[in-house]
Participant: 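Got a structure for you, questions after.
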Amino acid sequence: SAAINALPPEGGTIFIPAGVYDIAPPDAPLDINKPNVHLIGDGPGLTILECASGSSLSTVLQVRASRCTLEGLTIRQKPPQVAGSAIGIDIGSSTSEVRHTILRDIEVSGLPAAGIRIGVSAQPVSILLCDRVRVRGCLTYPQLHIGTANELLMFRECGFDAASEGVRGVLIDNSSRVKLYSCRGMPSANTPWLVAQGGRHVVVDNCEIGDGAAPQAFYLTFESVGGGVVRNTRLHNGAKGVSFTNCTAPQIVGNLFHAIGSATNPDMIALSGTRFATIINNAYLNAGTAARSDAYLTETLGTEGTYHVGFE
């Protein structure tokens, strides 16, 4: 914190060499509160920022200004891992919009609450890039939580692995133009990996979800989203695939459903109250529709205008 505070108003770069650093009061949380600050470590697993087990901190590292970069860091809770309130990285300001943020080569693991939180209870966050960011094992909240009215957020080659039943991988609350590209995720039991609620143009593209707890819930759940997209994505070993509820013009294109559903209850794709869905060029492998190849799609409660071509 002292190094950040010592930077001039126009910002600067702080390099943190390899080592383990205790983040504790009075020097915590690390607060980036001026623009153009670049916090650079030697790499994940090398430069480690660590909070105490059961820490009362609200946040380990917070970004409250624009045009800032975090790179080459691990943020974690010391063992034993216990539930609490600490968030790994919190991006957003109560007073002004935060723009042009970059997170690159970051690992967040085992935090008591959420891993990364963006624009939650804050002014909007926009134009954000997360590149090769991995969040796993955070205990009581989503690994990634995106709040309301944020937009233009890109997650590329990231991973979000949920810790325990009831904890989601990704939660998106009424934000728009959010894209997860070439990301991986491990759901927890009986819990969706991704829930998008409200907003427009939430895209899951070229991702790989599953091969873990085989949850008794849809891997991807969209509720009241305009223009949601699931494209070229592989879903593995689960009871249910993708659901859209009260959505408009979703696209479900070019996906592979591997060992999803059962012969009597396929639940690969479910539409409820959803209009003008496009479902084409999807495929299944050892999935529930093996015995009922015409039953991959369930439509209920006012769904209309669906265009679909059967599974391959």
Side-chain angles (χ1 to χ4, degrees), residues 118-119 124-128 142 144-156 158 160 168-183 185 187 192-210 217-235 238 240-257 260-261 266-284 287 289 294-312:
I118 298 170
V125 172
S126 63
I127 316 177
L128 174 142
L144 170 65
H145 184 185
I146 300 171
T148 299
N150 307 289
E151 65 175 349
L152 292 171
L153 312 179
M154 164 68 92
F155 301 85
R156 184 173 60 193
C158 296
F160 303 103
R168 298 164 177 150
V170 179
L171 173 61
I172 304 171
D173 284 329
N174 201 28
S175 286
S176 298
R177 291 188 280 181
V178 179
K179 184 172 185 177
L180 285 78
Y181 178 76
S182 198
C183 294
W193 178 74
L194 176 143
V195 174
Q197 304 172 146
R200 298 175 292 108
H201 304 303
V202 176
V203 178
V204 178
D205 188 1
N206 195 40
C207 294
E208 189 149 3
I209 315 300
F218 284 98
Y219 277 156
L220 307 176
T221 299
F222 295 76
E223 303 169 0
S224 303
V225 174
V229 176
V230 181
R231 179 171 56 217
N232 299 331
T233 288
R234 297 157 300 284
L235 294 92
K240 302 180 181 183
V242 181
S243 76
F244 284 86
T245 302
N246 299 327
C247 295
T248 304
Q251 299 179 37
I252 307 167
V253 179
N255 304 290
L256 172 65
F257 294 79
I260 300 290
D267 275 338
M268 287 192 191
I269 301 170
L271 306 179
S272 177
T274 290
R275 305 171 67 233
F276 311 122
T278 299
I279 305 171
I280 57 175
N281 295 334
N282 297 286
Y284 67 87
T289 54
D294 61 337
Y296 65 90
L297 171 63
T298 302
E299 298 178 273
T300 58
L301 298 175
T303 294
E304 62 177 339
T306 302
Y307 172 76
H308 61 87
V309 178
F311 270 44
E312 300 175 354

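Just so it is clear, the model here is predicted, and its values are computed rather than measured.
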Participant: With rounding to the nearest 0.5 Å, note down the distance linking OG in Ser126 to CG in Asn150.
Facilitator: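 That separation rounds to 8.0 Å.
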Participant: Quick one: list whatever passes side chain to side chain donor-acceptor pair (under 3.5 Å) with Ser243, sequence neighbours left out.
Facilitator: none
Participant: Which heavy atom in Val125 sits nearest to a heavy atom in Leu153, and how many Å separate them?
Facilitator: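 For Val125 versus Leu153, the nearest heavy atoms are O-CD2, 3.9 Å.
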Participant: Taking only residues two or more places apart in sequence or in another chain, which ones pass side chain to side chain donor-acceptor pair (under 3.5 Å) with Thr248?
Facilitator: none
Participant: Closest approach of Ala277 and Leu271, non-hydrogen atoms and distance?
Facilitator: CB-CD1, 3.8 Å
Participant: Is Thr233 close to Tyr219 at the side-chain level, that is, under 4.5 Å between some pair of heavy atoms?
Facilitator: no
Participant: Looking only at heavy atoms, what is the nearest atom pair of Trp193 and Gly185, with distance?
Facilitator: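 Residues Trp193 and Gly185, closest heavy atoms: NE1-CA, 3.3 Å.
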Participant: Strictly by side chain to side chain donor-acceptor pair (under 3.5 Å), give each pair with a member in residues 194-204 just once, sequence neighbours left out.
Facilitator: Asp173-Gln197
Participant: Quick one: CG on Leu171 to NE2 on His145, what's the gap to the nearest 0.5 Å?
Facilitator: 4.0 Å
Participant: Would you check if Val203 and Arg231 make a side-chain contact, meaning some heavy-atom pair closer than 4.5 Å?
Facilitator: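 Of all side-chain heavy-atom pairs linking Arg231 with Val203, at least one is under 4.5 Å.
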Participant: Indicate the atoms forming the closest heavy-atom contact of Ser175 with Ala149, along with that distance.
Facilitator: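 Where Ser175 meets Ala149 most closely, the heavy atoms are OG-N, 3.6 Å.
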Participant: Who are the ring pair (Phe, Tyr, Trp, His ring centres under 6.0 Å) partners of Phe244, not counting sequence neighbours?
Facilitator: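 Here the qualifying residues are Phe222.
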Participant: Would you sort out whether Phe218 and Leu194 count as a side-chain contact (heavy atoms from CB on, under 4.5 Å), showing the intermediate values?
Facilitator: CA-CA 9 Å; Phe218 284 98; Leu194 176 143; over 6 Å; no
Participant: Let me confirm one number: the CG-CD1 distance from Asn255 to Ile279, rounded to the nearest 0.5 Å.
Facilitator: 10.0 Å
Participant: With a 4.5 Å heavy-atom cut-off, do Thr274 and Asn246 have their side chains touching?
Facilitator: no
Participant: Enter the distance from Phe257:CZ to Leu235:CG here, rounded to the nearest 0.5 Å.
Facilitator: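 Reported to 0.5 Å precision, the distance equals 5.5 Å.
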Participant: What pairs with Tyr181 under side-chain contact (heavy atoms from CB on, under 4.5 Å), at least two apart in sequence or on another chain?
Facilitator: Met154, Arg156, Lys179, Asp205, Asn206
Participant: Check side chain to side chain donor-acceptor pair (under 3.5 Å) between Gln251 and all other residues, then give those that pass, not counting sequence neighbours.
Facilitator: none
Participant: Are Ile146 and Val178 close enough that some pair of their side-chain heavy atoms sits under 4.5 Å apart?
Facilitator: yes
Participant: Which residue in the set Cys247, Pro250, Ser176 passes side-chain contact (heavy atoms from CB on, under 4.5 Å) when paired with Val225?
Facilitator: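 When Cys247, Pro250, Ser176 are each tested with Val225, the side-chain contact (heavy atoms from CB on, under 4.5 Å) holds only for Cys247.
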Participant: Determine the minimum heavy-atom distance between Ile252 and Asn282, stating which atoms define it.
Facilitator: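 Result for this residue pair: O-ND2, 3.0 Å.
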Participant: From the options Val195, Val242, Val170, select the one residue that forms a side-chain contact (heavy atoms from CB on, under 4.5 Å) with Leu220.
Facilitator: Val242
Participant: Before you tell me yes or no, could you show the steps for Ile118 and Leu144 under side-chain contact (heavy atoms from CB on, under 4.5 Å), namely the whole-Å CA-CA distance, both residues' side-chain angles and the distance that decides it to 0.1 Å?
Facilitator: CA-CA 8 Å; Ile118 298 170; Leu144 170 65; 3.9 Å; yes
Participant: Can you list every pair that meets salt bridge (Lys or Arg N to Asp or Glu O under 4.0 Å) and has a residue in residues 275-284, with sequence neighbours left out?
Facilitator: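 Every pair satisfying salt bridge (Lys or Arg N to Asp or Glu O under 4.0 Å) with a residue in residues 275-284: Arg275-Glu304.
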